[in-house]
Amino acid sequence: VFEVSKKTIVADLVEMEKKSSAIANKSLIKIKIDKGNVEFIISEKTSILEIRQYFFEQSIAFKLLVVLYQEHFIKLKTFSLTYYYSPSVVYKKVNELKVKLKEYGLTIKSEHGSIYLDGEEEKKRYFYSEIFYYVYGDRNSLLDTEKKIAENYLKKSKIKSNLIQESKQVRICIFIAVSLQRMKDFPLVKSRLPYFRDSMAIENKFYSFLEDSYP
């Protein structure tokens, strides 16, 4: 199913067991491998969400995406040296990401030994809001400051209680946080005023804001 060898899977399982105590608070995982079968013994205090978050954050793909989110360009040689990956492994992961990014109307382009994320700004915001929602959910992340602002927007407006289901509030909040952060970090990024001016502006233009930027 995952197109990897049994040896690779076993190695990953052993690594997961070794790191389980460091992954989440008071977590404990025991893994038994017997005749090709795997049994997980997980303590009641273990958070599966925190474990998933840990392994996402440790993956090459996620590290590449975060750096692409924070910087205009990534020098692949510098990235390889910083995170102790061989250049060939990084190139392979970049090519895998290109396939996935097509689903979002985005791609990774190369230029003079560097890569950058290419595509419309609105699609970038949507893609990253989905990634951060899936990895972090409502837990702490690099969006904490902007999330507080976004939560305040929704709290002050009538939208939160009347128009958005509770299960989608976190998703919308992360999207607003991503948009705010990109406008702050990249001044040339379109600001789309008056949508982000204040809570009243978001309330008055809410559906236009979503239709325009959030499918």
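Not measured: the values here are computed from a predicted model. The figures that follow rest on heavy atoms only: side chains count, while hydrogens, waters and symmetry mates do not.
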### Query
Of the non-hydrogen atoms in L106 and G119, which two are nearest, and what is the gap between them?
CD2-CA, 3.7 Å

### Task
Specify the closest pair of heavy atoms between G137 and K147, including all atoms of both residues, with the distance to one decimal.
O-NZ, 3.9 Å

#### Entry: Residues that F73 engages under ring pair (Phe, Tyr, Trp, His ring centres under 6.0 Å), provided they are two or more places apart
Y116

### Task
Report yes or no: do V99 and V1 belong to one cluster of Ile/Leu/Val/Met/Phe/Trp/Tyr joined by side chain heavy-atom distances under 4.5 Å?
no

### Message
Could you walk me through whether L101 and T107 satisfy the side chain to side chain contact (heavy atoms under 4.5 Å, CB included) test, starting with their C-alpha distance in whole Å, then the side-chain angles of each, then the deciding distance to 0.1 Å, before giving a yes or no?
### Response
CA-CA 6 Å; L101 287 166; T107 189; 5.6 Å; no

### Task
For the pair D144 (side chain) and S141 (backbone), establish whether a donor and an acceptor sit closer than 3.5 Å, ignoring hydrogens and angles.
yes

### Between NZ on residue K109 and CG on residue D118, distance to nearest 0.5 Å
4.0 Å

### V4 backbone acceptor or donor facing T8 side chain under 3.5 Å
no

### Query
Are the charged groups of E151 and K148 less than 4.0 angstrom apart, N to O?
no

## Note on the structure
In this structure, CG of L81 is separated from OG of S86 (nearest 0.5 Å) by 11.0 Å

### Query
Heavy atoms, side chains only, cut-off 4.5 Å: are V178 and E146 in contact?
no

### Task
Compare all side-chain heavy atoms of E130 with those of R171 and state whether any distance is below 4.5 angstrom.
yes

### Query
What's the shortest heavy-atom distance between I115 and V94, and which atoms?
CD1-CG2, 4.0 Å

### Task
May I ask you to check whether Y136 and E57 show a side-chain donor-acceptor distance below 3.5 Å?
yes

### Message
Within this structure, what is the CD1-CZ distance for the pair I31 and F40, rounded to the nearest 0.5 Å?
### Response
4.5 Å

#### Entry: Test log, rule side chain to side chain contact (heavy atoms under 4.5 Å, CB included), inputs I60 and Y83
CA-CA 9 Å; I60 303 175; Y83 293 101; over 6 Å; no

### Message
When you compare the side chain of Y54 with that of Q58, does any pair of heavy atoms fall below 4.5 Å?
### Response
yes

### Summary
dist N37:CG -> E39:CD (nearest 0.5 Å) comes out at 9.5 Å

For residues 63-70, dump all side-chain donor-acceptor pairs below 3.5 Å to protein atoms at least two apart in sequence or in another chain.
{"unit_1": "K63", "atom_1": "NZ", "unit_2": "Y85", "atom_2": "OH", "d": "3.2"}
{"unit_1": "Y69", "atom_1": "OH", "unit_2": "Q181", "atom_2": "OE1", "d": "2.5"}

### Message
Is it the case that atom CD in E120 sees more than 12 heavy atoms from other parts of the structure closer than 6.0 Å?
### Response
no

### Message
So which atom in I176 and which in A150 form the shortest heavy-atom distance, rounded to 0.1 Å?
### Response
CG2-CB, 3.7 Å

### Task
Flag this pair as yes if the NZ/CZ of R52 is under 6.0 angstrom from the six-membered ring centre of Y134 and inside a 45 degree cone about the axis; otherwise no.
yes

## Note on the structure
Closest non-hydrogen contact found for S129 with I174 is O-CG2, 3.7 Å

### Task
Could you check L117 against Y128 for side chain to side chain contact (heavy atoms under 4.5 Å, CB included), going step by step and ending with a plain yes or no?
CA-CA 12 Å; L117 187 63; Y128 275 108; 3.6 Å; yes

### Task
Decide yes or no on side chain to side chain contact (heavy atoms under 4.5 Å, CB included) for K123 and F127, but give the supporting numbers first.
CA-CA 6 Å; K123 291 179 179 178; F127 169 72; over 6 Å; no

### Task
Spell out, yes or no, whether Y84 and V89 are grouped together once hydrophobic residues are joined by side-chain heavy atoms under 4.5 Å, including indirect joins.
no

### Task
Identify the residue among K124, E121, R125 that makes a side-chain contact (heavy atoms from CB on, under 4.5 Å) with S179.
R125

### Y104 and Y126 aromatic ring geometry - parallel, tilted or perpendicular at 30°/60° bounds
tilted

### Query
Measuring from S114:OG to L76:CG, what's the distance to the nearest 0.5 Å?
7.0 Å

### Interatomic spacing from CD1 in I108 to CD in E96 - rounded to 0.5 Å
11.0 Å

